[in-house]
2 protein chains.
Amino acid sequence: MSSDASPAPAKTPVTLRQVAASAGVSVATASKALNGQGRMTAETRERIRETAQRLGFRPNSLAQSLLRRRSFTVGLLTNDTYGRFSLPLMAGVSDALVDAGVSVFLCNVEDDMRLAQLHVEAMLDKRVDGIIATGKRIDRHLPVDLANLRIPVIYAFTQPDPDAVGFESDDAGGARLAVEHFCRLGRKRIAHVTGPASFAVVHERARAYREVLAEHGLPVAEPLLGAWSEAWGHEAVAKLFDGKAGGAGAPDAVFCGNDQIARGVIDALRERGIGVPDDVGVIGFDNWEIVAEATRPPLTSVDMNLSALGREAGLALLSLVGGQPAAPGIRKLPCRLVVRQSCGRPPGG
Amino acid sequence: MSSDASPAPAKTPVTLRQVAASAGVSVATASKALNGQGRMTAETRERIRETAQRLGFRPNSLAQSLLRRRSFTVGLLTNDTYGRFSLPLMAGVSDALVDAGVSVFLCNVEDDMRLAQLHVEAMLDKRVDGIIATGKRIDRHLPVDLANLRIPVIYAFTQPDPDAVGFESDDAGGARLAVEHFCRLGRKRIAHVTGPASFAVVHERARAYREVLAEHGLPVAEPLLGAWSEAWGHEAVAKLFDGKAGGAGAPDAVFCGNDQIARGVIDALRERGIGVPDDVGVIGFDNWEIVAEATRPPLTSVDMNLSALGREAGLALLSLVGGQPAAPGIRKLPCRLVVRQSCGRPPGG
DNA sequence: CTGAAAGCGCTTACAG
DNA sequence: CTGAAAGCGCTTACAG
């Protein structure tokens with residue numbers, strides 16, 4: 001039953017000229033009728049509208065853009081190929097813009113200067129209204145200079161250049177949420193196992209960790225720095241618990257720098273027969289659902305609200321494109337704690 | 001040092017008219033010089049080129065598109081918000097197209113008909129040259145009908161409509177790769193733990209599993225169907241090994257329907273003191289690196305080559321846009337086995 | 001060898 | 001109340 005011929009004749013879209021002809025008016029009048037501009041009898045306007053509708057007329061966005069000097073498109077640059085962070089962010093951006101009729105060009109620039117340059121030029125040639133630059137960490141630049149582009153640029157989850165507008169998650173605030181939650185649950189010896197010193201967020205979160213403990217008069221253990229991996233979580237448990245099995249020095253809570261580390265920690269604790277959350281509570285960071293929900297027990301984790309961050313970035317770009325001024329600088333957006341079972345319940349719970 | 005004023009004056013891009021004026025020729029001549037068209041003295045051409053270069057002229061793509069009836073843009077529809085499958089695919093598409101000067105609009109349609117329709121209309125209005133539809137499983141349609149769009153559509157990793165061109169991974173072939181690998185390693189009792197019956201790929205892969213075992217004269221155990229989760233992997237190990245600890249009936253290899261199941265299987269085996277890969281070999285599916293590399297031992301897995309699939313889809317769309325005919329139907333692209341340590345080494349290795 | 005003209009599909013002053 | 005004209009930035013026959 002399947003034919004080998006090409007389907008549906010490739011008809012060319014109907015133009016305003018055709019609508020005008022069919023309604024017996026000039027293109028100018030047709031244009032004004034459809035855009036609610038000019039003055040004409042309600043009757044004429046309605047007739048033109050109906051004709052357009054009947055013919056399935058949709059204005060050619062390219063022609064409109066040429067005139068209006070706005071293409072209703074923006075470019076989204078990212079080097080997060082793996083996409084754990086970009087994806088929710090992209091979804092947020094896309095959501096914020098689609099309702100304004102703005103479409104998003106996806107530019108995967110990897111860490112390749114040539115590729116990045118190529119994409120930026122393509123965006124400029126296509127006259128995008130603005131660019132959103134995003135990445136996988138907030139302390140590194142994309143491999144391209146976006147500073148003097150004559151179109152607005154918003155940075156999100158990547159290092160902005162000076163005098164630009166950037167959005168990032170409030171990592172210190174997120175860490176606070178986690179550690180304060182442990183305090184509320186009555187945990188007394190809270191450890192911190194996190195990523196490598198080369199990441200700015202490692203220091204931000206560690207600082208908040210120290211501050212909260214100090215505020216609560218609790219002992220501060222030096223944060224353990226390592227890789228962003230499960231394997232490091234495992235190793236860290238050995239460092240934290242070896243020689244003090246169930247003893248006084250052992251932590252009763254571990255705040256982890258990401259969910260993979262947390263998973264390693266939880267697995268290692270289980271292997272040692274240490275109960276989570278009863279003996280030791282664990283909280284992760286990123287709220288990477290597929291990991292957080294598969295740990296046993298399911299992992300409480302700090303969510304960076306990346307899709308909200310994407311939304312904000314999208315709206316900010318829209319406002320810049322619309323000519324609204326914006327003060328340069330970094331805006332930190334709040335994180336949120338997603339409570340599952342790995343952190344325990346309140347003493348009286 | 002940071003100013004609160006808006007940066008860089010928003011200059012308007014230089015036009016061909018300016019280049020022509022500056023070079024002392026007409027716009028027509030300037031256009032021809034830059035496009036290598038028409039005939040003129042090499043000298044004139046060179047002078048115009050230099051002027052364009054000096055002024056930083058870049059042709060307005062919008063104007064070109066209007067004339068050429070080609071926008072050099074395509075739309076990429078996806079409902080895979082989580083992005084485990086889309087991302088490599090998108091990267092592949094983007095790679096294939098960027099060199100042809102074609103940019104990709106990202107349309108996140110979720111499973112929402114209204115959103116999908118909105119995006120498709122935006123794409124049509126922006127006169128994309130074609131559309132690539134992609135999703136998270138090959139036996140479901142996107143929530144929108146792309147059948148009579150008067151522009152070419154390519155389907156990749158989502159259900160195509162009849163008479164369209166679709167790309168998908170050769171799941172049966174992938175399963176074959178895994179099971180044959182076990183056979184080559186001398187495994188004799190190979191089990192299959194996979195996802196729910198509602199997925200077409202579950203049946204495809206199970207069929208291949210049965211075929212290969214039959215070809216090798218090995219016993220076929222009924223595949224165990226469940227969720228695509230670690231938890232199910234755990235559970236399945238209980239079903240496979242309970243009551244036959246180290247005994248004759250227990251499998252010496254498990255081929256899993258995805259990497260999460262495989263991870264659950266490996267964890268459960270370790271908890272039972274069953275050695276992987278010495279006692280039981282395990283192979284997963286998806287080659288989701290972050291999971292495959294974190295299992296202990298690292299997981300051998302079938303990779304669907306999604307970024308290659310994205311490339312092929314991109315190139316196919318380009319060729320359709322260029323007017324080349326393409327026979328409708330589904331093209332299956334080969335998978336590849338990524339060998340790590342969970343499957344064991346050859347008997348003599 | 002080079003330029004004036006027409007046109008892609010639309011919108012927006014400006015006349016009438 | 002409606003239309004002719006000019007123009008967005010470019011390209012491509014067609015004259016000269």
Side-chain angles (χ1 to χ4, degrees), chain A residues 11-49 51-52 55-73 101 122 124-129 150-151, chain B residues 11-49 51-52 55-73 101 122 124-129 150-151:
Chain A
K11 309 262 298 204
T12 131
V14 356
T15 68
L16 185 59
R17 179 202 301 267
Q18 290 166 21
V19 174
S22 174
V25 293
S26 70
V27 284
T29 304
S31 171
K32 280 175 286 193
L34 298 175
N35 294 318
Q37 302 295 320
R39 30 191 62 229
M40 64 192 70
T41 56
E43 193 191 12
T44 310
R45 199 182 290 277
E46 197 42 44
R47 177 164 43 91
I48 296 172
R49 285 220 166 109
T51 312
L55 265 40
F57 170 74
R58 308 220 92 217
N60 183 333
S61 200
L62 297 168
Q64 294 180 316
S65 298
L66 198 54
L67 255 347
R68 295 200 181 133
R69 268 74 190 283
R70 269 206 59 185
S71 62
F72 291 87
T73 62
L124 258 19
D125 290 352
K126 285 177 174 133
R127 298 301 190 261
V128 292
D129 299 330
R150 72 166 164 55
I151 53 174
Chain B
K11 310 258 299 197
T12 131
V14 354
T15 69
L16 186 58
R17 180 202 300 266
Q18 291 166 23
V19 173
S22 174
V25 295
S26 71
V27 284
T29 305
S31 171
K32 280 175 284 192
L34 297 176
N35 294 319
Q37 302 295 318
R39 27 191 65 228
M40 65 193 69
T41 55
E43 193 189 13
T44 310
R45 197 182 290 275
E46 196 44 43
R47 177 165 44 90
I48 296 173
R49 285 220 166 110
T51 311
L55 265 40
F57 170 74
R58 308 220 91 218
N60 183 332
S61 199
L62 261 23
Q64 293 181 317
S65 299
L66 197 54
L67 255 346
R68 294 199 183 134
R69 267 75 192 277
R70 269 206 61 186
S71 63
F72 291 89
T73 62
L124 257 19
D125 289 352
K126 284 174 176 136
R127 297 302 190 262
V128 292
D129 300 330
R150 73 167 164 53
I151 54 175

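Just so it is clear: chains get the letters A, B, ... in the order the sequence lines come, proteins before strands, and each one is counted from 1.
For Leu67(B), there are no side chain to side chain contact (heavy atoms under 4.5 Å, CB included) partners, not counting sequence neighbours. Residues passing the side chain to side chain contact (heavy atoms under 4.5 Å, CB included) test with Ser71(B) are Leu62(A), Ser65(B), Thr73(B), Asp129(B), sequence neighbours excluded. With sequence neighbours left out, the side chain to side chain donor-acceptor pair (under 3.5 Å) criterion links Lys126(B) to Ser103(A). Here Arg17(B) pairs with Thr15(B), Val27(B) under the side chain to side chain contact (heavy atoms under 4.5 Å, CB included) rule; sequence neighbours left out. Qualifying side chain to side chain donor-acceptor pair (under 3.5 Å) partners for Thr29(A), counting only residues two or more places apart in sequence or in other chains: Ser26(A). Here Asp125(B) pairs with Arg58(A) under the side chain to side chain donor-acceptor pair (under 3.5 Å) rule; sequence neighbours left out. Not counting sequence neighbours, the partners of Thr44(B) by the side chain to side chain contact (heavy atoms under 4.5 Å, CB included) test are Val25(B), Met40(B), Thr41(B), Arg47(B), Ile48(B).
Whole-Å rounding puts the Leu16(A) CG to dT12(C) C1' distance at 13 Å. For Asn60(A) and dC10(D), the CG to P distance is 17 Å, given to the nearest whole Å. Between the CD atom of Gln37(B) and the P atom of dT2(C) there is a distance of 16 Å, rounded to whole Å. Remark: P of dG16(C) and CZ of Arg39(A) are 19 Å apart, rounded to the nearest angstrom. Remark: C1' of dG9(D) and CG of Asn35(B) are 13 Å apart, rounded to the nearest angstrom. Following rounding to the nearest Å, Arg68(B) (CZ) and dC10(D) (C1') show an atom-to-atom distance of 9 Å. The nearest whole Å value for the distance from the CZ atom in Arg70(B) to the P atom in dG9(C) is 17 Å. dC10(D) atom P lies 12 Å from atom CZ of Arg58(B), rounded to whole Å.
OP1 or OP2 of dT2(C) sits under 4.0 Å from a side-chain N or O of Thr44(B). In terms of phosphate contacts, Gln64(B) brings no side-chain nitrogen or oxygen within less than 4.0 Å of OP1 or OP2 of dG9(D).
In this structure, Arg150(B) and Leu124(B) approach most closely via the heavy-atom pair NH2-CG, 4.5 Å.
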| field | Strand DNA chain C as a dot-bracket string - pairs counted if Watson-Crick or G-U with both distances under 3.5 Å, | where the partner lies in another strand | value | |||.||||||||.|||
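For the P atom pair drawn from dA4(D) and dG7(C), the interatomic distance equals 16 Å after rounding to whole Å.
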| request: Mark up nucleotides 3-8 of chain C, 5' to 3', with B wherever a protein heavy atom is under 4.0 angstrom from a base atom, S wherever such an atom reaches only the sugar-phosphate, and - elsewhere. | output: BB--BB
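Of the residues near DNA chain C, Arg47(B) and Arg127(B), the one whose nearest nucleotide (by heavy atom distance) lies more toward the 5' end is Arg47(B).
Of the possible polar contacts, one joining the Arg45(B) side chain to the Lys32(B) backbone as a donor-acceptor pair under 3.5 Å is found.
Here the side chain of Met40(B) is nearest to one of dC10(C), dC10(D), dT2(C), namely dT2(C).
Among the atoms of the strands shown, none is found under 4.0 Å from any heavy atom of Ser65(B).
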